[in-house]
There are 2 protein chains.
Amino acid sequence: MAPKVGEYRVDQYATDGSRAAILEAAARCFTERGYDATSIDDVARSLGATKGRIYHHYPSKADLFADVFRAGMEMNYAAIEPVRDLPGKALGRWRTLAFTHVVQMIRRRTFQRVVWEGTEMYLRGATTPQQRSTFAALHESRSRYGAIFRQTIAEAKKDGDMRFGSLGIANQLMLVTLNSPIFWYSPRPGETRDDIDDIAWQVVAFAASGLGASEGEFR
Amino acid sequence: MAPKVGEYRVDQYATDGSRAAILEAAARCFTERGYDATSIDDVARSLGATKGRIYHHYPSKADLFADVFRAGMEMNYAAIEPVRDLPGKALGRWRTLAFTHVVQMIRRRTFQRVVWEGTEMYLRGATTPQQRSTFAALHESRSRYGAIFRQTIAEAKKDGDMRFGSLGIANQLMLVTLNSPIFWYSPRPGETRDDIDDIAWQVVAFAASGLGASEGEFR
DNA sequence: GATGAACATACTACCGGGTATGTTGTCAAC
DNA sequence: GTTGACAACATACCCGGTAGTATGTTCATC
């Protein structure tokens with residue numbers, strides 16, 4: 001069985017809602033205070049529970065954090081899966097991909113912040129040797145995810161639909177732009193789905209122009 | 001007297017090199033490990049010294065961090081000062097400003113990462129009440145700095161030299177893009193000043209196009 | 001009614017921020 | 001040229017907070 005929690009699946013857990021609730025709370029706490037400043041008691045308190053509950057499901061704080069990271073990446077893959085292999089030219093595919101990604105950054109902000117911090121932790125080497133391999137796998141998952149975008153813009157450039165200098169730099173700038181809502185977005189009261197879509201399209205338009213996309217999209 | 005350290009001034013210190021060396025080491029450590037994960041002993045060790053030296057000059061870890069933040073912002077203002085009030089249209093002024101800023105992000109990466117983390121700490125409210133006012137002042141300094149860019153692109157839009165939707169969103173995207181080298185840049189061996197300039201221009205070109213600047217600059 | 005999952009409670013151990021107290025060199029005044 | 005005062009550190013110590021553990025407790029299920 002695949003119990004549904006929020007909009008992503010937590011298949012691999014035999015137990016349903018419990019771990020998912022922990023993940024949500026952990027994502028919120030890690031986002032609000034950062035990894036080091038977040039104590040297990042913080043997460044437990046925000047659940048109305050105690051340490052015991054968390055340590056019953058996770059062997060360590062780092063493992064909990066890593067699982068939030070993993071869940072975040074899983075959501076990303078799930079989100080873009082329906083639009084990964086659409087027909088048409090690379091530029092059009094990229095627009096759809098990018099838009100879907102940005103909406104995901106906004107909707108799942110807390111998890112995505114953890115993905116960001118986890119990536120930084122890995123790159124800084126701020127992990128114990130045992131956690132190193134776990135984080136390495138997560139980081140590679142994120143790299144593969146990023147490679148989808150990278151390859152698409154490379155193809156669009158070949159098509160003559162994008163113009164930029166170094167692919168590496170363009171890729172970094174694009175990803176930073178598309179991810180940036182995790183830093184500056186905060187929900188307005190009474191905000192509709194259309195409002196979010198509008199914001200997302202502005203982000204995509206900025207990135208598209210930055211990548212030298214042919215027709216300047218305005219929306 | 002104004003003793004020079006690196007490329008920025010440390011006027012306000014009666015004592016010269018000592019505090020500056022601490023700042024440099026602290027900036028490195030905070031960048032490598034983050035605020036919480038960095039211990040005062042780490043900073044001291046990277047100086048070949050002990051806690052005593054640091055606590056002789058700074059009353060607390062947060063004050064040391066804040067001073068790195070302050071020094072970083074001071075560098076930024078110093079860097080753009082010569083190009084703040086150049087003649088000409090807003091778009092041209094913006095290009096110069098943006099380029100100078102990006103080069104600064106690359107050259108003073110460690111300090112700028114601290115500025116970033118400090119801003120996040122303030123926005124998250126991860127400060128004690130006493131430190132709150134210090135951080136508020138630093139954050140306001142950074143806001144004023146950002147406002148220079150914001151106002152310039154607003155003017156360029158009025159001139160018809162830029163096209164974008166929401167000023168607020170465009171501003172966020174621009175700043176994230178221009179700041180992004182603090183995340184992905186790492187020096188290549190044998191890299192020249194021209195190489196860095198080339199990277200910086202690519203960043204500026206991306207942001208310019210993203211903002212809908214009229215003539216697509218290529219360099 | 002026994003077994004184990006799913007927690008809560010109570011406790012330990014350690015790390016790191018901060019402090020209190022040396023130690024050394026320098027410089028000024030007598 | 002002695003002393004005393006202070007800056008600039010080093011050393012030794014304290015203590016609170018937190019990750020992790022060990023041990024209950026409850027409830028469901030077989």
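Everything numeric here is computed off the predicted structure, so don't read it as measured data. Proteins come first, then strands; the chains are lettered A, B, ... in the order of their sequence lines, and each starts at number 1.
- For dA6(C), the OP1/OP2 oxygens have a side-chain nitrogen or oxygen of His56(A) closer than 4.0 Å.
- Note: CG (Leu64(A)) to P (dT18(D)) measures 16 Å, nearest angstrom.
- Taking the six-membered ring for Trp, Trp201(B) and Phe99(B) have ring centres closer than 6.0 Å.
- With no hydrogens or angles considered, a side-chain donor-acceptor pair links Asn76(A) and Gln112(A) at under 3.5 Å.
- Following rounding to the nearest Å, Arg53(A) (CZ) and dT9(C) (P) show an atom-to-atom distance of 13 Å.
- Regarding contacts with the backbone of dC7(C), every side-chain N or O of Thr50(A) stays at 4.0 angstrom or more from both OP1 and OP2.
- Taking side-chain N and O atoms only, His57(B) has no distance below 4.0 Å to OP1 or OP2 of dA7(D).
- Ion pairing between Glu117(B) and Arg113(B) fails under the 4.0 Å rule for side-chain N and carboxylate O.
- Between Phe65(B) and Phe30(B), the distance separating the two ring centers is shorter than 6.0 angstrom.
- A straight line from CZ of Arg45(B) to P of dA10(D) spans 13 Å, rounded to a whole angstrom.
- For an aromatic pair to be called close, the ring centres must be under 6.0 Å apart, and Tyr145(A) with Tyr77(A) satisfies this.
- Judged by the 6.0 Å and 45° rule, Arg132(A) forms a cation-pi pair with Tyr122(A).
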Sort me out a list of protein N/O and nucleotides 13-17 of chain C N/O pairs below 3.5 Å, or just none if empty.
residue: dG17(C); atom: OP1; partner: Thr38(B); partner atom: O; Å: 3.2
residue: dG17(C); atom: OP1; partner: Lys61(B); partner atom: NZ; Å: 3.0
residue: dG17(C); atom: OP2; partner: Ile40(B); partner atom: N; Å: 3.0
residue: dG17(C); atom: N7; partner: Lys51(B); partner atom: NZ; Å: 3.0

